[in-house]
Peer 1: 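Pasting a structure here, questions to come.
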Amino acid sequence: GKAVNLIFDMHNDYGWQVHDEHGREYKGLRQLFPDGRVQVITLDPETSRHRGSKVDGTLLIGYDQIEPEDVEMLAGVLGLSDVQVGALYYLRRKLGKRWVAELLREDESEALTTIEDEERIQSGTLRAIQRKFELFRRFDFLTEQAPSDDLVEEIFLRLNRGTSVVLEFGNFGNTLAAYVLVANYLTRRIHARYVEQKNQAVGKQTGDPRPLMIVIEEAHKFLDPDIAGHTIFGTIARELRKYNVTLLIIDQRPSGIDDEVMSQIGTRVTCL
């Protein structure tokens, strides 16, 4: 009851039951709190069904909902150069919300051809971006059109009602790019809603949002020294609990996490 949790469950360890190497069974959070205080949302409903996991929704993200800031954190994973990352922001300005869909079109994109002809972006840079974005076609949780219901807003409302949310990645947990993309996408938007409500609370337009702890695995991918200064996770780590949001970071390589972030960690648990 002290706080609510948003858990990015990379290896399906938290929401529903798991078995250790000796076959012993351990309950997941949804089973330990059957009163509705924990809900599970999945990116991979088929895998969740095969595992017997009880889920409360499926997350779908439309191409038109993705912003360059969501992809920028993937630069190291996808091998995007600084020039290519800069080109993403130009494409978003020039093409609007359809920028990802244009990059992933099967046929020749007139809009991209025009950009090439005008030499706004070098042809080699544009083609390299398209090749690297091909990975997105394998992510079934990405769709051409954004779903009609706003699941980000729904997750925010669930958290604010005191319901912890576990996001199961299913088979997509084996792909680091999927984990980084979704964790960054959701955290940026949930944090923005918390900042908005906290500021309204200061002006007495609404109450404080319920304290939130965001749980991320492979934390050094989000908080390494090169990127921690300008990512949403680095921002949250530096703000501490200013907007009622904090982090629980899980990592097998803490030496890869930015020293400034490590200095902010108040409680540490170290296991063999």
Side-chain angles (χ1 to χ4, degrees), residues 2-11 13-14 66-86 88-89 92 152 155-156 159-160 164-167 169 173 175-202 208-272:
K2 298 291 184 185
V4 70
N5 295 272
L6 173 59
I7 301 171
F8 293 107
D9 189 359
M10 189 175 194
H11 301 299
D13 292 329
Y14 297 90
I66 297 174
E67 299 291 342
E69 291 88 348
D70 300 317
V71 182
E72 187 174 0
M73 272 197 70
L74 291 171
V77 181
L78 295 181
L80 292 167
S81 68
D82 290 344
V83 171
Q84 290 164 0
V85 169
L88 302 183
Y89 286 88
R92 175 64 177 85
V152 173
I155 290 173
F156 171 75
L159 294 171
N160 224 1
S164 290
V165 174
V166 179
L167 188 67
F169 278 74
T175 307
L176 185 61
Y179 188 74
V180 173
L181 174 66
V182 174
N184 191 39
Y185 175 89
L186 276 180
T187 300
R188 287 183 59 242
R189 287 155 179 79
I190 296 291
H191 180 259
R193 290 291 284 111
Y194 263 75
V195 171
E196 179 187 349
Q197 185 164 338
K198 184 72 174 177
N199 287 333
Q200 288 176 353
V202 172
D208 264 6
R210 189 183 295 267
L212 168 66
M213 184 163 65
I214 295 175
V215 181
I216 53 169
E217 300 186 70
E218 298 286 347
H220 65 275
K221 296 293 184 183
F222 301 89
L223 295 167
D224 79 44
D226 292 333
I227 65 172
H230 53 267
T231 69
I232 185 60
F233 298 97
T235 299
I236 293 171
R238 289 192 305 276
E239 287 173 351
L240 295 175
R241 295 168 298 281
K242 181 177 179 183
Y243 294 108
N244 285 20
V245 182
T246 190
L247 297 177
L248 190 160
I249 62 177
I250 302 164
D251 205 288
Q252 293 184 28
R253 287 180 50 202
S255 60
I257 296 173
D258 181 57
D259 287 341
E260 185 184 351
V261 173
M262 288 296 286
S263 72
Q264 302 290 343
I265 295 173
T267 303
R268 305 186 191 196
V269 180
T270 306
C271 302
L272 287 173

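All values below were derived from every heavy atom in this structure, side-chain atoms included, with hydrogens, water molecules and symmetry-related copies excluded.
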Peer 1: Side chains of Leu88 and Gln84: closer than 4.5 Å at any heavy-atom pair?
Peer 2: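 Sidechains of Gln84 and Leu88: no contact.
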Peer 1: Working note: Leu186 + Phe8, criterion side chain to side chain contact (heavy atoms under 4.5 Å, CB included); need CA distance, chi angles, decisive distance, verdict.
Peer 2: CA-CA 10 Å; Leu186 276 180; Phe8 293 107; 3.9 Å; yes
Peer 1: Checking Arg92 now: which residues fulfil side chain to side chain contact (heavy atoms under 4.5 Å, CB included) with it, not counting sequence neighbours?
Peer 2: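 By the side chain to side chain contact (heavy atoms under 4.5 Å, CB included) rule, Arg92 matches Glu67, Pro68, Lys97, Trp99.
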Peer 1: Any chance you could measure Ile257, atom CD1, to Gln264, atom CD, to the nearest 0.5 Å?
Peer 2: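 Taking CD1 in Ile257 and CD in Gln264, the distance rounds to 13.0 Å.
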Peer 1: I need the Ile265 CD1 to Leu223 CG distance, nearest 0.5 Å.
Peer 2: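 It comes to 8.0 Å.
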Peer 1: Indicate yes or no: at least one non-hydrogen side-chain atom of Met73 is less than 4.5 angstrom from one of Arg188.
Peer 2: no
Peer 1: Does Tyr243 have any ring pair (Phe, Tyr, Trp, His ring centres under 6.0 Å) partners at least two apart in sequence or in another chain, and if so, which?
Peer 2: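 Here no residue qualifies.
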Peer 1: Between Gln197 and Asn244, do the side chains contain an N or O donor and an N or O acceptor separated by less than 3.5 Å?
Peer 2: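 Side-chain D/A pair, Gln197 to Asn244: absent.
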Peer 1: For the atom pair OG1 (Thr231) and CG (Asp226), what is the distance rounded to the nearest 0.5 Å?
Peer 2: 11.5 Å
Peer 1: My understanding is that only one of Ile190, Thr187, Ile214 makes a side-chain contact (heavy atoms from CB on, under 4.5 Å) with Ile232; could you say which?
Peer 2: Thr187
Peer 1: Under 4.5 Å between any side-chain heavy atoms of Glu218 and His220, yes or no?
Peer 2: yes
Peer 1: Would you indicate whether the side-chain heavy atoms of Tyr185 and Val152 approach each other to under 4.5 Å?
Peer 2: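 Of all side-chain heavy-atom pairs linking Tyr185 with Val152, at least one is under 4.5 Å.
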Peer 1: To check you understand the geometry: which heavy-atom pair defines the closest contact between Pro225 and Gly256, and what is its length?
Peer 2: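 Heavy atoms only, the tightest pair is CD-O, 3.5 Å.
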Peer 1: Any chance you could measure Leu247, atom CG, to Thr235, atom OG1, to the nearest 0.5 Å?
Peer 2: 10.0 Å
Peer 1: At what distance, to the nearest 0.5 angstrom, does CG of Leu212 lie from CG of Leu159?
Peer 2: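 With rounding to 0.5 Å, CG (Leu212) is 5.5 Å from CG (Leu159).
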Peer 1: Would you give the length of the straight line joining atom OH of Tyr14 to atom CG of Leu167, rounded to the nearest 0.5 angstrom?
Peer 2: 13.0 Å
Peer 1: Within the structure provided, determine whether Arg189 and Asp70 are in side-chain contact (heavy-atom separation under 4.5 Å).
Peer 2: yes
Peer 1: Could you pull out all residues at least two apart from Phe169 that satisfy ring pair (Phe, Tyr, Trp, His ring centres under 6.0 Å)?
Peer 2: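 Phe169: ring pair (Phe, Tyr, Trp, His ring centres under 6.0 Å) contacts with Tyr179.
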Peer 1: Compare every heavy atom of Val215 with every heavy atom of Asn5, then report the nearest pair and how far apart it is.
Peer 2: OD1-CG2, 4.3 Å
Peer 1: Are there over 12 heavy-atom neighbours, none belonging to Arg238, within less than 6.0 Å of that residue's CZ?
Peer 2: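 Yes - once you tally the heavy atoms of other residues, nucleotides and ligands closer than 6.0 Å, there are more than 12.
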